[in-house]
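Written below as C-alpha cells is the structure these notes are about.
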Amino acid sequence: MRYLPKSDTERRDMLRAVGVDSLDALFAHLPQEVRLNRPLEIPPGKSEYEIVDYFRARGDECASGYPSFLGAGVYHHYRPVLVDTVVSRSEFLTSYTPYQAEISQGTLTTIFEFQTMICQLTGMEVANASMYDGSTAVPEAAMMAIRLTRRDRVLVARTVHPEYREVLSTYAKHQGMPVVEVDYARESGGLDTNDLEKKIDDRTAAVIIQSPNFFGIVEDVRSAAEIAHRHGALLIYVFAEAVSLGVLEPPRDADIVAGELQSFAISPSYGGPFAGIIATKEKFMRQMPGRIVGETKDTRGNRTFCLTLAAREQHIRREKATSNICTNQALVALMATVFMTVYGKQGLRELAEHNLAKAHYLAGKLSLPFTGPFFNEFIVSTKPHTPDAINAALLDRWIIGGLPLERYYPELENTMLLCATEMSRRQSMDIVAEAFR
Amino acid sequence: MYPEDLHYTKQHEWVRLSDHAGVVGITDYAQQELGDIVYVDLPRVGTRVEQGKMMGSVESVKAVSDIYSPLSGEVIEINDALATAPEKLNESPHGDGWLVKIRLSAPDEIQGLLSAADYAKYVAEEESGH
Amino acid sequence: MIKKVRPHVNQNEALLFENSSPGKRGYQLPPLDVPAVDPGSVLGPANTRDEIADFPEVSEVEAIRHFTRLSTQNYAIDLGLYPLGSCTMKYNPRVNEQVARIEGLAWAHPYQPESLAQGIMEVMATLEKMLAEITGMDAVTLQPAAGAHGEFTGILMVRALLQSQGHPRRKLLIPDSAHGTNPATATMAGYAVENIKSNNLGMVDVDELARAVDGDVAALMLTNPNTLGVFEENITQIAEILHAKGAQLYMDGANMNALVGIARPGDFGADVMHLNLHKTFSTPHGGGGPGSGPVAVKDHLVPFLPKPRLTRVSDSWSWNYDLPQSIGRVRAFYGNVGMHVRALAYIMAHGGDGLRNATLDAVLNSSYLRVLLEPYYDLPHHAPTLHECVFSDARQAKHGVRTGDIAKRLIDYGFHPYTVSFPLIVPGAMMIEPTETESKAELDLFVDALISIAKEVDETPDLVLSAPHDTRTSRVDEVTAARKPILRWKP
C-alpha cells in the first residue's frame, strides 16, 4: 500500500528485533472476546484514479457552476488563487500545533498576524487564534460573559442566525444559563430596543446581537451597547459575513466580538470546516477561550512568537478550564489571513463596496418589507408568488434562489432572504428580478 | 529558612498574624515547585473566605495551583503589586509576595496551623517522598 | 553524529504590517456591471467606517514571499517524523486535498436544495456507514467539529439518555491518565469529575472502579488503549460494572489507530465514542486544525443524536429534523464536511484489509521503537503496548536532565519532539507514537538520535540542557510572554 513505507523484508527484520514472529502476535495479549474475527466490511482499497473518479461523480451530483443567491451564514466570495498556493505548502498543511516554538515560527507568526488583523477589523484589543466556527463562538462568548460578570443569564436577539441560537441553547442548557430572546422591530428589521429594555435586568450577563443580522439588516450597535452597559451587562457582537467589516463601522462599543470568517476564502464546503473568532478588550483577555499566540524574545534577544496564556486551557486546567476546546482552525484561519493580505486595506473596502452595489442593484428591483440599512443580504416579499414557486422557476434557469424564511420565522411567510456578492452577475440578477414579477 | 513568626498549612500557605487580621501568602517551597509565576488570581476585597476552601490560584507557564485560605474571614486587602509584577511571589514569597489580608472571623482556627519547625519537617518528608 | 539534518540558513521575514506601504495592492477586482453606491448614503454615516487602520498593504509578490519564507520556519510531517503520543501524526494523502476541492463539493452551500446536494450527502452517508463498521457501533453523527467537541456531544447524549430515565446523575469518572479535554468536557456538560487511579500497570483498577460506580455516576470516560499505549485488558468487566449500575461507557477514540480492523469498541462494551478524523483518518493538522470529531453510538443512544440526521427517503438523501429527543445542534450546518471528504478518501484508498494492515504497521513501529530504546530510557510500565509507548526521564534526571531538555535536543537531530510530560501519571514522561507511515529508515534515525542523546546526557549534559542549538530561535521566553502578554502588533 502506497502510504505504508515498509517492505516485507523490513517488517521481518523489525519483528525479529521485537522478538515476535508475526504481526498478529503483537496483539496476542488482547482478550479473545474483544477481537474482531472477520475482515471489515469495507470494499478493497482503490487506486488514486478511482478515488478521484468517485468524488468527481459525487461533485457532478451537486450543483456545480450555478449562480447562487443564498447567504444566510455561508457566502460565495471569490477565493484568490494565492490562498490555496500558500495553504498547500507542506510546512503549513502537514505541521502540528505550534507547541514547540523553535520549529513552528511559520505557524506562530501567521497566527500573530491573524490576531492583529482581526483586532484591526473589529476594533477590539485582543483576539484568539480562532474557534471552530461562528456558531460555537457564540456560546463561548456567552460563557465568557458569565464568568466575567458573575451573572447567570443572557439575552439574544431573534435576528441572530437561527442555527447559532440553537447551538447557544444546547450549550446553555447544561451551564444553568437561561437564554431569553429579544424581538426585532417590525418596521426596520433591526433589534427592538424597547423589548430589550423590558427584558434586561441585573442578572443579565450579556446582550447578544448580530450585525448584519440574519435579515441582512445593519444593527444600531451603539444603542444596544448603551442599554446593556447601563444595566451592567456586556455587549456581544456577532458577525456571520466578515466582508461587511470592509465597510461597516467596527463595533467599538462591544465587549466581546464572536464571528465567522468563512467569507474570507474559506470554501462553503456544505457547511464546514470554517473558522470562528473571539475578540475582546484587553482587560478580559484571561477569560478568552482558545489558543493565543504572543510575542516575546528568545535567548539571543530576537523577536519570536509562542503560544501563551496556556494556563486557561484544558491541558493545564482540566476541569477548571475556560473551555474544553483543544483544536483551533489553524489552516482555515491561514486561508483567511492570506485573503486579508491579498485584498489588504484598500481591497477589503473595495470588495465590500462591490457587494453593496450588487445587492442594492438587485434590491432596487424588488419589494423589501424592512426599512433598515443592509449590506449584501436583504429580505424580499415574494407576493403574489410563493418562495418555492420562485425558486423552482429560477432552478429551471440554472440559478439557485434565496432562502425562504417561514420555517425560521413563521410570521415572515412569503418572504425570502437573498444575497448578492461581488460574484453575482448583473445578467443573473436581472433573471432573478424577473422571476418575482 | 521558614520565618518563625508565621504559621503554615500543609497546602503550603502561610499566615502572618496581627490583631484580628492575617496576611496570607504561599511558601518558598510552593513557589519553587511552581517555577516562574506569570499570573496570580486573587479574590476581590470583601470576599468571604473559609479555612481550607479555594480562594484563588497561581499560574506558571505550564501549571496552575489553587490557593486555599488558611483561615476563615473576609478579604480586606489584596496585593495589587502582583498584577504587574507577579515575579515578586518568586523573589520574596514570605514578604513582598504576600497575597491577601484577611479579617479573621474564627481566630481559634490558628491552633490547627503548623509552626515553622513543623512545616519545615513536613516539607522535608514531602521532598524525600519524591 | 547528527545524520538527519545540517544547519540551514533560512530568511528573516518581518511582519506583514512592517512590509506594508500605502497604495501597494495584491488584488484587482473586475469593473462593476451595476451602478456603484455610496456606502455613507445607503448605510448611514454612523454605520460607515473609516479606513481599516494599519491593515496590511502589500503586492502579490511580497505576499507569496512572506508566506513562503515563513513556511520554511516550520517542521512538518512531509519533512519527517513527529513522534507525538496520541496525536497520530500520519501522512496526509494529497489526493484527499484534491478531491476536497472538487467544485461541486467545495462550493456546495448547506442550504442549497437537497436535490442538488445528493453527491455530498452520499459522501457523508457513506462515511457514516464506514465509521459505524470500523467502530462496531450502530449510528454515527458527523456534526462535531473536533475531538473535544465530539466528547461534549457524546456526554450530552449520555445526559439526555439518563434524564429520559428519570435522573441525569451527578458525576463522570475519569482516569488520572486522561487527556485534559475529558475533565474540561465534563464541566461544560454540567458534570462533576471524579478521578480514578490507575493500577501499577497503568490500567484502570477494576476494584477501585467497582467501588466508585454508584447511582451518581453517569459514565466512565475511557481511552482505550490508554495514554500509555496499554490495552485495557479488563475492558469487558469494566463495561459490565458500569452497565450493572445503569452507567454508560464513553470511549475517547483518540487512540483508534491501535484498533482499526483488530477490535471494535462497540464489540467490547462502549456505548458512545468519538473519533478524531485528524488523527486516525489522516486529515491534515494544518498547524493546529481544523479537526473533525464524529460520534458513534449504540442503538439506545440514537434518539438523542444531534439534529438533523441524514436519512434515506425514497431514493434520495434528506435531512431529518423530526427528532424530538435530540440534544439539539452542537454547531451550525452539518459538520466539517471538507474533512469528511478527506477521511472517506483515506478509507477508500486503504480498503478494509488495508486499514487493518495500517494498524499492524502502527503497532509494529511503536513496538520496534520501544524495544530499541528500552536499554537507554526508563520504561515505567511493563505491560504490552500497542501503537504508542511512554518512557520516563528517570535515568537522565540523575544528571539533572529532564524530558523537556531531551525533547529540545531532539530538534537538533532533525526531529519534532515527542509529547513531553504527559500523561501526568508518569513523572518526566516521554510519550512516543510513530504511526504506520514511518519507514524503518526514519525510525532508525530516530532511535540513533535518542541513543546519542542518552550518551550526551552521561558525558556532556550541558549540550542537552542548552538545546536546541541550530534553530533560528532558541529557548523562547515563555515566562515574559505570559507575564506581559503582547498579543498583536502595534505601529
Side-chain angles (χ1 to χ4, degrees), chain A residues 5 10 14 18 23 29 34 40 42 44-45 55 58-59 61-64 86 89-91 94-95 97 101-103 105-107 116 126 132 135 163 166 170 174 249 267 269-273 294-296 298-299 304 306 308 314-315 318-319 321 324 327 329-331 342 344-345 347 361 426, chain C residues 26-27 33-34 43 49 55 57 67 70-71 73-78 99 102 104 106 108 110 116 118-119 145-146 148 180 183-185 187 190 193 268 286-291 328-329 332-334 336-338 351-352 354 360 367-368 384 439-440 471 473 475-477 481 486-489:
Chain A
E10 287 173 327
M14 291 169 75
V18 173
L23 290 166
H29 63 285
V34 309
L40 284 170
I42 289 179
F55 284 99
R58 302 290 81 72
E61 289 159 9
C62 297
S64 209
V86 170
R89 292 279 302 178
S90 286
E91 300 93 326
T94 73
S95 59
T97 310
E102 292 92 336
I103 47 178
Q105 287 299 303
T107 298
T116 304
V126 297
Y132 303 138
S135 76
E163 295 195 16
E166 278 183 64
T170 306
H174 305 287
E249 175 65 13
S267 301
S269 209
Y270 206 51
E295 179 186 318
T296 184
D298 67 7
T299 48
T304 189
C306 66
T308 190
Q314 49 76 25
H315 59 291
R318 298 172 71 89
E319 62 264 24
N324 74 341
T327 304
Q329 301 293 93
L331 197 71
V342 165
K345 181 192 286 193
Y361 171 79
R426 181 183 185 127
Chain C
Y27 76 99
D33 58 1
V34 296
L43 296 170
R49 78 179 301 158
F55 216 63
E57 290 181 273
F67 291 108
L70 286 180
S71 77
Q73 296 173 18
N74 272 0
Y75 188 81
I77 294 177
D78 282 0
V99 298
I102 287 171
L116 292 176
Q118 289 297 304
T185 297
T187 308
V193 172
F268 58 63
R329 284 186 166 283
F333 318 121
Y334 315 117
N336 281 352
V337 179
L360 295 176
S367 306
Y368 181 69
S439 66
K440 181 172 179 295
T471 48
T473 188
R475 297 283 180 161
V476 166
D477 184 359
I486 302 172
L487 306 181
R488 56 164 294 183
W489 174 85

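Lettering follows sequence order; numbering is per chain, from 1.
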What option among [options] has the most heavy-atom pairs under 4.5 Å with chain A?
options	result
C/Gly351, C/Ser439, C/Ser71, C/Gly26	C/Ser71
C/Gly287, C/Ala106, C/Gly338	C/Gly287
C/Ile77, C/Asp33, C/Val476	C/Asp33
C/Gly354, C/Ala332, C/Gly328, C/Ser367	C/Ala332

Could you report the tightest heavy-atom contact between [X] and [Y], atom names first, then the distance?
X	Y	value
C/Pro110	C/Phe333	CG-CD2, 3.6 Å
A/Tyr132	C/Ala146	CE2-CB, 3.5 Å
C/Val337	A/Tyr270	CG2-O, 3.7 Å
C/Asn74	A/Gly106	OD1-N, 3.0 Å

Tell me which of these, [options], has more heavy-atom pairs under 4.5 Å with chain C than the rest.
options	answer
A/Pro44, A/Ser269, A/Ser135	A/Ser269
A/Ile42, A/Thr94, A/Val126, A/Thr296	A/Thr94
A/Pro273, A/Gly294, A/Ala101, A/Ser90	A/Pro273
A/Leu331, A/Thr116, A/Val34	A/Thr116
A/Glu102, A/Gln105, A/Glu10	A/Glu102
A/Glu61, A/Arg58, A/Lys345	A/Lys345

May I ask you to decide if [Y]'s main-chain N or O and [X]'s side chain share a donor-acceptor pair within less than 3.5 Å?
X	Y	result
C/Asn336	C/Gly291	yes
A/Thr308	C/Ala481	yes
A/Asp298	A/Thr304	no

Of the backbone (N, CA, C, O) and the side chain (C-beta and beyond), which part of C/Ile102 lies under 4.5 Å from a heavy atom of chain A, both, or neither?
side chain
Part of A/Val18 within contact of chain C (heavy atom distance under 4.5 Å)
both
Is A/Arg426 in contact with chain C via its backbone, its side chain, both, or neither, using a 4.5 Å heavy-atom distance?
both
Using 4.0 Å as the upper bound for N to carboxylate O, is an ion pair formed by C/Arg329 and A/Glu166?
yes
